[in-house]
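Taking it in order: structure first as structure tokens, then the write-up.
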Amino acid sequence: MHGAGCCPCREPPDRDNGASVPEPRCPFAGVVHVLDQDLISGFRAALAEAVATAFGEADLSALDIRLVETPNPEVGDLGFGCFPLAKLLRRSPKDIAAALAAAIELPAPFREARGVGPYLNLWLDRPAFLAALCRDVLDGERPYGTRPPGELGRIVLEFSSPNTNKPQHLGHIRNNVLGMALARLLEAAGHEVVKVTLVNDRGVHICKSMLAYQRWGDGATPESTGTKGDHFVGDYYVKFCQEAAADESLEEQAKEMLRRWEQGDEEVMALWRTMNGWVERGFDETYRRLGVAFDRVYHESETYRFGRDIALAALGQGHCQRLPDGAVEIDLTADGLDKKILLRRDGTSVYMTQDLGTAVRRFEEWQPEAMFYVVGSEQIYHFKVLFLVLQRFGYAWAEQCRHISYGMVHLPEGKMKSREGKVVDADDLMTEVEAISGQAIREKHPDISADELAARQHEIALGAIKFFLLNVNLEKDITFDPAASVSFEGDTGPYIQYAHTRICGILRKAGPAAGTIASQTRRQPLSPLPRCNANPPHAVPVADFAQLGSDDEVALGRLLMEFPKVVAEAARTRNPARIAGHVLDVARSFTTFYHGHPVIQAASPGLGAARLALCRATAAVLKQGLALLGIEAPEQM
RNA sequence: GCGCCCGUAGCUCAGCAGGAUAGAGCGGCGGUUUCCUAAACCGCAGGUCAGGGGUUCGAAUCCUCUCGGGCGUACCA
């Protein structure tokens with residue numbers, strides 16, 4: 001029951017126990033030139049004419065036109081609810097839908113419109129629709145669903161920000177995985193993203209590991225004990241906490257060591273450098289396995305002094321007050337927050353101080369359009385204060401800062417507690433899930449090479465772990481379910497990967513050129529029927545989209561069509577779960593199609609070739625969607 | 001006390017800039033393999049969307065109150 005300060009940092013102490021800022025520029029401000037948009041603009045024009053014909057002139061420019069999925073294919077392929085028109089035209093939506101159905105003249109690839117209750121439902125020329133879709137996905141100028149890089153502003157994205165006194169656990173994995181996914185997502189939306197982290201490498205918690213090592217380490221090293229550096233150091237942290245429960249003087253000794261550290265005591269500094277080196281090398285290994293990388297690594301040991309200077313300068317400018325005991329405080333009560341200490345009475349820095357320094361340095365270094373912090377929801381208040389203090393200090397860019405908060409990960413039996421070793425260790429989890437996937441692979445491929453097995457089991461295991469964490473909305477806490485997190489069935493990463501491998505299997509069998517789209521058909525939006533054919537080289541059947549158009553194929557096509565919109569929306573709301581859900585829908589829709597419709601053995605070569613194009617388009621979306629989540633799409637499982 | 005978040009099927013979660021009978025997965029029950037990998041597919045059962053008020057033609061979705069749960073409210077991080 002030693003107070004809360006056992007491990008101070010970006011990651012909150014191991015205890016016992018915003019949003020109105022202006023958005024950065026809209027990630028999809030420009031026209032997304034894909035089928036989805038073509039359909040809407042085509043429909044909008046036709047709608048305007050039909051309204052004029054049936055009801056006289058009306059201004060529809062403010063109307064947000066959305067074409068929605070119908071409850072079932074019998075009532076149409078897409079639906080338009082006439083509710084917003086009802087107000088404008090002062091008629092019932094039902095009457096409007098009926099009148100418009102009679103008056104509207106739709107462009108390709110629409111085929112027909114009918115009033116179904118308050119909805120104006122649309123039937124597609126399915127072959128034309130699917131052909132145009134495949135062309136968009138397979139023959140676009142850039143990866144489907146992404147915007148040109150650098151089209152939008154630069155964003156500095158902080159995530160991970162570990163303590164160097166212990167190894168990372170499942171909670172850190174959620175942070176790391178979210179950070180990487182957000183980086184990919186923002187990049188896909190056209191931002192330039194600078195991935196940064198802040199290593200919390202100084203403070204009393206670090207000294208605790210050091211003290212324990214000094215007393216009980218006996219000269220051991222990670223090498224001599226064959227222990228990964230971060231685990232090695234973490235063991236001494238746990239040791240300290242155990243011993244401190246019986247010996248109260250240890251806490252005081254840790255504080256004394258911190259004072260010596262701040263004075264630059266050579267012996268302490270040397271030990272600190274050695275032990276931090278061990279930890280960081282251990283982290284590098286974990287990051288490598290997780291697929292995490294940074295463009296710039298900040299260390300708190302470098303930035304905390306800078307924060308102190310900023311606080312003192314602000315004091316000089318009257319932004320804060322010096323208390324009688326010498327501490328420096330800022331009063332935020334006028335803005336509905338509390339008072340906040342920025343420098344302790346002994347002049348040392350607190351958590352807030354170093355974050356001020358880090359933020360200012362970071363902004364000067366990158367001149368970004370926005371700075372995002374991926375940090376757990378328990379620090380919402382901290383960031384509220386941080387941003388407000390920056391603003392008070394005159395940094396106008398403070399309003400471009402955003403805390404991307406997310407819920408905690410806890411165990412079925414409660415919170416994870418590093419001090420008590422009650423954690424799901426990151427490295428252990430990866431190893432365990434890899435073993436499980438490896439076993440499944442060996443059953444299917446007894447003769448697989450060791451290298452191939454290692455690569456595949458890793459991709460699948462990480463797919464399972466990452467998807468498990470990303471398929472939940474940010475704000476929700478996650479209860480770690482050991483069985484569900486290592487499961488490869490149902491709504492999981494491997495389920496999606498599997499769908500992808502099935503397509504790869506078909507494409508392998510069909511040959512390299514099968515299902516590709518000839519480039520001469522590029523982008524003549526909705527040109528009448530599919531001159532869009534499979535690539536000519538020898539003997540590859542020409543895709544005959546005219547034979548395509550089952551309910552399953554259209555349902556799949558509609559999901560593929562929505563992908564760019566989903567990417568933009570996910571980036572705008574900074575919500576990787578949106579991508580996860582959609583990719584899952586695509587995978588499910590594909591497997592349904594796949595089971596009901598033979599591709600290679602299709603009724604005719606032309607139909608088979610058209611289905612191959614659809615398969616290829618699906619694979620592209622699955623792979624791209626998974627990539628945004630930081631998940632690999634293996635070709636075989 | 002005050003602030004923020006969460007409360008949807010037995011379990012884990014989608015859906016929430018209001019709109020067509022509330023969707024998945026797991027678990028349960030019943031089917032599918034001479035056919036492109038069954039890590040799959042199909043079907044059945046299962047919900048007064050925590051509860052009360054309100055706004056609206058229409059509310060799981062917006063407002064308000066209540067009840068549960070979590071987090072925060074340090075000269076810890």
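In what follows, chains are A, B, ... by sequence order, proteins preceding strands, each numbered from 1.
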If I take atom CD in residue Gln601(A) and atom P in nucleotide U34(B), what distance separates them, rounded to the nearest angstrom? 15 Å
Glu262(A) vs Arg259(A), salt bridge (Lys or Arg N to Asp or Glu O under 4.0 Å): CA-CA, chis, key distance, verdict: CA-CA 5 Å; Glu262(A) 294 206 354; Arg259(A) 278 190 283 274; over 6 Å; no
Under 5.5 Å between ring centres and under 30° between planes: true for Phe83(A) and the base of G58(B)? no
Give one of base, sugar-phosphate or nothing for Ser92(A), where a contact means two heavy atoms less than 4.0 Å apart. nothing
Close N/O contacts between protein and nucleotides 7-13 of chain B (under 3.5 Å):
from: G7(B); atom 1: OP1; to: Lys476(A); atom 2: NZ; distance (Å): 3.1

Checking all strands, does Asp338(A) fall into the base, sugar-phosphate, or nothing category for heavy-atom contacts under 4.0 angstrom? sugar-phosphate
Treat a base pair as Watson-Crick or G-U wobble with both distances under 3.5 Å, then lay out RNA chain B in dot-bracket form, 5' to 3', with | for cross-strand pairs. ((((((((.[[[[.)...(...]]]].(((((.......))))).....[[[[[..)....]]]]])))))))....
Need one value for Lys509(A): base, sugar-phosphate or nothing, where a base atom within 4.0 Å counts as base even if backbone is also close, heavy atoms only. sugar-phosphate
Among C36(B), G3(B), A20(B), which nucleotide sits nearest the side chain of Lys384(A)? G3(B)
Rounding to the closest angstrom, what is the interatomic distance between C63(B) and U56(B) at atom P? 16 Å
Nearest-Å distance for atom pair CG/C1', residues Leu470(A) and A14(B): 15 Å
How close or far is atom P of G15(B) from atom CD of Glu562(A), stated in whole angstroms? 14 Å
If you look at every strand shown and take non-hydrogen atoms under 4.0 Å, does Val599(A) touch a base, only sugar-phosphate, or nothing? base
Contact class for Asp355(A) vs. all strands (heavy atom < 4.0 Å): base, sugar-phosphate, or nothing? nothing
Heavy-atom count check: over 12 atoms from other residues, nucleotides or ligands less than 6.0 Å from Glu635(A) CD? no
Taking Gln497(A) for the side chain and Glu459(A) for the main chain, is one N or O donor matched with an acceptor at less than 3.5 Å? yes
In whole angstroms, the gap separating P of A74(B) from CD of Glu378(A) amounts to 15 Å
Counting any heavy atom closer than 4.0 Å, what does Leu584(A) reach on the DNA or RNA strands: base, sugar-phosphate only, or nothing? nothing
With a 4.0 Å cut-off on heavy atoms, is Glu475(A) in touch with a base, just the backbone sugar-phosphate, or nothing at all? sugar-phosphate
Mind checking the P distance from A22(B) to A45(B)? Whole angstroms is fine. 14 Å
Just wondering, more than 12 heavy atoms not from Glu252(A) lying within 6.0 Å of its CD? yes
Quickly work out the Gln636(A) CD to U37(B) C1' distance and round it to whole Å. 9 Å
Specify the closest pair of heavy atoms between Pro93(A) and Pro118(A), including all atoms of both residues, with the distance to one decimal. CB-CB, 3.6 Å
Scan Ala327(A) against the nucleic acid and name what it touches under 4.0 Å (heavy atoms): base, sugar-phosphate only, or nothing. base
Looking for any heavy atom pair under 4.0 Å, which part of the strands does Tyr381(A) touch: base, sugar-phosphate only, or nothing? sugar-phosphate
Given A39(B), G70(B), C75(B), identify the nucleotide with an atom nearest to the side chain of Leu323(A). C75(B)
Whole-Å gap separating C1' (G23(B)) and CD (Glu69(A)): 11 Å
Before you tell me yes or no, could you show the steps for Gln547(A) and Ser604(A) under side chain to side chain donor-acceptor pair (under 3.5 Å), namely the whole-Å CA-CA distance, both residues' side-chain angles and the distance that decides it to 0.1 Å? CA-CA 9 Å; Gln547(A) 298 182 53; Ser604(A) 76; 2.8 Å; yes
Closest to the side chain of Val116(A), out of A20(B), A74(B), A24(B), is A20(B)
Could you check whether Leu198(A) gets within reach of a base, just the sugar-phosphate, or nothing at all, counting any heavy atom under 4.0 Å? nothing
Inter-nucleotide C1' distance (G19(B), C5(B)), Å rounded: 28 Å
Is Arg114(A) positioned over the aromatic face of Trp123(A), cation under 6.0 angstrom from the ring centre and no more than 45 degrees off axis? yes
Using a strict 4.0 Å threshold on nitrogen-to-oxygen distance, state whether Arg322(A) and Glu329(A) make a salt bridge. no
Pair Arg578(A) + Glu569(A), salt bridge at N-O below 4.0 Å: yes
So Gly336(A), base contact, sugar-phosphate only, or nothing? Heavy-atom distance under 4.0 Å. nothing
Short N/O separations, protein against nucleotides 40-42 of chain B, under 3.5 angstrom:
from: A40(B); atom 1: OP1; to: Gly490(A); atom 2: N; distance (Å): 3.1
from: A40(B); atom 1: O2'; to: His595(A); atom 2: NE2; distance (Å): 2.5
from: C41(B); atom 1: OP1; to: Tyr495(A); atom 2: OH; distance (Å): 2.5
from: C41(B); atom 1: OP1; to: Thr591(A); atom 2: OG1; distance (Å): 3.3
from: C41(B); atom 1: O4'; to: His595(A); atom 2: NE2; distance (Å): 3.2
from: C42(B); atom 1: OP1; to: Thr592(A); atom 2: OG1; distance (Å): 3.0

Arg508(A) or Asp64(A): which one's nearest nucleotide on RNA chain B is closer to the 5' end? Asp64(A)
Indicate yes or no: does Lys340(A) engage Asp331(A) in a salt bridge with an N to O separation below 4.0 Å. no
Parallel under 30°, tilted from 30 to 60°, perpendicular over 60°: which one fits the rings of Trp261(A) and Tyr304(A)? tilted
What is the distance, rounded to the nearest whole Å, between atom CD1 of Ile506(A) and atom P of U37(B)? 7 Å
Taking atom P in both A60(B) and U8(B), what distance in whole Å separates the two? 15 Å
When you compare the side chains of Tyr298(A) and Ser161(A), does any donor N or O come within less than 3.5 Å of an acceptor on the partner? no
Using a 4.0 Å heavy-atom cut-off, does Asn121(A) contact any base of the nucleic acid, only the sugar-phosphate backbone, or nothing at all? base
Base, sugar-phosphate, or nothing for His597(A), non-hydrogen atoms under 4.0 angstrom? base
Could you give the distance separating U61(B) and C49(B) at their P atoms, to the nearest angstrom? 10 Å
Using atom C1' of each nucleotide, how far apart are C29(B) and G52(B) to the nearest Å? 38 Å
To the nearest Å, how far apart are Glu569(A) CD and C16(B) C1'? 12 Å
For C62(B) versus A20(B), give the span between their P atoms, rounded off to a whole number of Å. 16 Å
In terms of side-chain geometry, is the basic nitrogen of Lys208(A) or Glu251(A) positioned less than 4.0 Å from the acidic oxygen of its partner? yes
With rounding to whole Å, what would you report as the distance between G72(B) and G15(B) at their C1' atoms? 29 Å
In terms of side-chain geometry, is the basic nitrogen of Asp64(A) or Arg66(A) positioned less than 4.0 Å from the acidic oxygen of its partner? yes
Please report the closest heavy-atom contact between Leu548(A) and Leu607(A), naming both atoms and the distance. CD1-CD1, 3.8 Å
